[in-house]
Protein chains: 2
Amino acid sequence: MADSVVLDAVDLHILRLLQNDARSTYRELAAEVGVAPSTCLDRVARLRRTGVILGHRLQLNPAKLGRGLEALLLVQVRPHRRELIGPFVDRIRALPESRALFHLTGPDDYLVHVAVADPADLQRLVLDEFTSRREVARVETRLIFQQWECGPLLPPTPSAHLSSD
Amino acid sequence: MADSVVLDAVDLHILRLLQNDARSTYRELAAEVGVAPSTCLDRVARLRRTGVILGHRLQLNPAKLGRGLEALLLVQVRPHRRELIGPFVDRIRALPESRALFHLTGPDDYLVHVAVADPADLQRLVLDEFTSRREVARVETRLIFQQWECGPLLPPTPSAHLSSD
DNA sequence: GTTGAAATTTAATGTCG
DNA sequence: CGACATTAAATTTCAAC
């Protein structure tokens, strides 16, 4: 199930449209793609079943929720052993300020994307939830000036997946 | 419009549920929250109007789309001037491999989250789209071992937004 | 791919605090 | 007057043809 799925032009077209607006109706999709609504329904159901589509997520505005400051924290965990990093990951994920967490190669073991109210709130978070922990050897804080979502995620070589008849 | 919006317990409950599953129907939301479906509709419409809810996004599985390797690229752009970084940002956002882009404080100006097919594909991307560019002074590549979404994004002090009568 | 029934969304109206 | 509930119409989903 970890292998890539064979997607035809209709699947790709639907995915591209849904990534622009995940609330598109099957009718709208069908009109745009040039197939029947029920076909769109079947295709989307298959994409969900095969795990290509993981889910639908709400995109919120952190600033409107009193979290106008975002930052990335580069964290070194020492020693980097399973019995320490398991609980570390669980705790970071449970923080209301955490938005995303990455386990990385390189000098920093983890990158944490956080959203806080203001610089004082960020300082509190870093001091109370990170540097105060024994397993956290170092935290580097980088503020986010601006961030962008990028274009739709699609297979690297769409034409290679298509039959050309 | 940049200020935070006053949200009551019903709004917060709806947001929490929608962040778990953005495809919940208003009927389901209403049953869970304990209000009428039309009230849920009104609340969600208001949350969209006031900019708390920005949109609904499809969550895809990069591995299923032939992009099983993800990485973060830390990029220094020199000189860091508007006339250079504007086109740089536009170009990075347009790359099919780009998933997200951040403008940061600290020694690295940008962080780019990319999804590629394999290490060779990553090497091609870094060489052809980053280091070959005159304005890119340095690129540091960090592979992503694992990543986690975190809990729902909610106001820092929910009770402070609620009237206690 | 098309049709038709069931469910959902959505707007309008009515009612309570 | 504002917020919520009820009702009804339009749309969408989804299964059967």
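Side chains included, hydrogens not; waters and symmetry mates left out as well; all remaining heavy atoms used. Residue numbering restarts at 1 for every chain, and letters A, B, ... go by the order of the sequence lines.
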Side chain to side chain contact (heavy atoms under 4.5 Å, CB included), paired with A:L47, selected from A:V52, A:L18, A:D42: A:V52

Looking at every heavy atom in both B:P156 and A:L65, which two are closest together, and how far apart are they? CD-O, 3.2 Å

Hydrophobic clusters join Ile, Leu, Val, Met, Phe, Trp and Tyr when side-chain heavy atoms are under 4.5 Å apart, directly or via other members; which others share one with B:Y110? A:W148, B:L69, B:L73, B:V75, B:V77, B:I85, B:F88, B:V89, B:I92, B:L95, B:L101, B:V112, B:V114, B:V116, B:L122, B:L125, B:V126, B:F130, B:V136, B:V139, B:L143

Side-chain donor/acceptor of A:Q147 to backbone N/O of B:A100, under 3.5 Å: no

Under the 3.5 angstrom rule, does the side chain of A:R93 hit a backbone N or O of B:E149 as a donor-acceptor pair? yes

Using a cut-off of 4.0 Å between protein heavy atoms and nucleotide atoms, how would you tag nucleotides 5-12 of chain C 5' to 3' with B, S and -? ---SSBB-

Within less than 4.0 Å of OP1 or OP2 of D:dA3, is there a side-chain N or O belonging to B:R43? no

